[in-house]
2 protein chains.
Amino acid sequence: MKTRDRILQTSLALFNAEGEANVTTVDIANEMDISPGNLYYHFKGKEEIVGNLFNTFDHEFQQILDAPAAGSLNSEDAWFYLYVVFEHIFNYRFLYRNINDIMERYSGINRQFRRLLFHKLDAADAISKELIEKGIMVIPENQRIRLCENIALNLTFWLNYDQLRRQDMPNELLIHQAVFQIMSIVAPHLAEEFNGFYQECATTYEELAAHILQKARES
Amino acid sequence: MKTRDRILQTSLALFNAEGEANVTTVDIANEMDISPGNLYYHFKGKEEIVGNLFNTFDHEFQQILDAPAAGSLNSEDAWFYLYVVFEHIFNYRFLYRNINDIMERYSGINRQFRRLLFHKLDAADAISKELIEKGIMVIPENQRIRLCENIALNLTFWLNYDQLRRQDMPNELLIHQAVFQIMSIVAPHLAEEFNGFYQECATTYEELAAHILQKARES
DNA sequence: GTCTATATTAAGATAGAC
DNA sequence: GTCTATCTTAATATAGAC
């Protein structure tokens, strides 16, 4: 693997683990057993590394968000879709856990991240409309707008909230928890015949949580 | 006014305006027309200033959160209560807009902020229970737990979300918007006879928003 | 492409005069 | 209490040899 790619890969891992602000160019070089000078041969500095990582993240995210527009949607698809979206966020969690810091220090990212937020809102808007059309969801229009905002807020800041709460969950469970939290926000607006579906999700989540926590305790 | 107090006051204003990380001890001293040396005579460093501001914030917040335990509650009280809570957060918004950064760099604050989050959750828990008892709210228990988490998430990260969205709202409207957003999350769980109350709030909010934005455009 | 050695910068902090 | 002058530290970044 080329040094340039190893730098990106190592940086992402370190940023996710320690937070972008706590990782210096020297740290990245040390972790890879190369010299700082070598790192600066490949990238002008940390900003360029972060920018590269963000662009990859951004590009992939756009594609994920646009995916459901293609196919027809049911309530289980929506659940799976949320899972994919949140997993992608999780893979680049350093961007989210240090969002304000990063947006202040890298002004280029600011604009793009904002655009991504609106993309999230659009996706929530389109999906909620489709669910309403299909009779899966019933909700007054002004509450629907607020619900979409709330979903975007949750997608963007759940990782921060979790960090503040510090429950030290295994990563796998963290993602399930985030998705279930969003499902719970949507649940009161599901048509009555879908209450059962939410309860199934709740049961699935609780069993999974018990199972994962059990495994974590054993090891 | 004593220099020590002026330092705290000036720091709070600068932190709120520019973000804590972007304000140096020299900036604070310059703003007050005193020397950096003088500032360091009063405080050991920025950490002590931030710590002092946080303690004041924390102390006041604890009292605000505990207030409703005293009196009996109706739906209008809850609305007003939210307003008071959020206004206090807004007054110390630098703590919230740089929450991760601050918690990483000031480990003392980390613990206290986490405690405050649980205090928020407890308040949401107590109030939701009271509203249920009084028949104002109807909600399954597992959704109630998630609703409380969602309210705590909104209280803690709404300012970050708003910043990312960058709507450049007048401050007054920003607070109303946050409170109305939280009301909208609760609304689907209000007993039917309180739907009218939510619609009133919605109308009030929309009129207010139109009024404030009109005034802002004129000036 | 990669290394070692060194320069630059900016924030945080202190010493000692007044 | 307040000032000026200066030190320390740590991250970022570059020069030049190999």
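Fair warning: this is a prediction, and the values are worked out from it, not measured in the lab. The sequence lines fix the lettering, A, B, ..., with proteins before strands; numbering per chain opens at 1.
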Distance test, side-chain N/O of [X] to OP1/OP2 of [N], below 4.0 Å:
X	N	value
Tyr40(B)	dA13(C)	yes
Asn38(A)	dC3(C)	yes
Lys44(A)	dA13(D)	no
Tyr41(A)	dG1(C)	yes
Ser35(A)	dT2(C)	no
Thr25(A)	dT12(D)	yes

Check every strand shown and say whether [X] touches a base, only sugar-phosphate, or nothing at a heavy-atom separation below 4.0 Å.
X	value
Val26(A)	base
Asn22(B)	nothing
Gly45(A)	sugar-phosphate

Parallel under 30°, tilted from 30 to 60°, perpendicular over 60°: which one fits the rings of Tyr92(B) and Phe57(B)?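 Tilted.
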
For Tyr161(A) versus Leu153(B), what's the shortest heavy-atom pair and its separation?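 Minimum heavy-atom separation between Tyr161(A) and Leu153(B): CB-CD1, 3.2 Å.
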
Electrostatic pair Lys215(A):Glu218(A) at N-O distance under 4.0 angstrom: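 No, this pair does not count.
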
Glu141(A) with Arg144(A): basic N within carboxylate O range, under 4.0 Å: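 The answer is yes: the pair qualifies as a salt bridge.
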
Tell me if the CZ atom of Phe118(A) is crowded by more than 12 foreign heavy atoms within 6.0 Å.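 Correct, the count exceeds 12.
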
Take atom [atom1] of [X] and atom [atom2] of [N], then tell me their distance rounded to the nearest Å.
X	N	atom1	atom2	value
Asp33(B)	dT4(D)	CG	P	11 Å
Phe43(B)	dG12(C)	CZ	P	15 Å
Asp27(A)	dA10(D)	CG	C1'	11 Å

Compare the minimum distances between each of dG12(C), dC3(C), dT12(D) and the side chain of Lys46(B), then state the nucleotide with the smallest one.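 Among the listed nucleotides, the one closest to the side chain of Lys46(B) is dG12(C).
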
Considering only side-chain heavy atoms of Thr24(B), which listed nucleotide, dA11(C), dT4(C), dG1(C), is closest?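 Ranking dA11(C), dT4(C), dG1(C) by closest atom to the Thr24(B) side chain puts dA11(C) first.
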
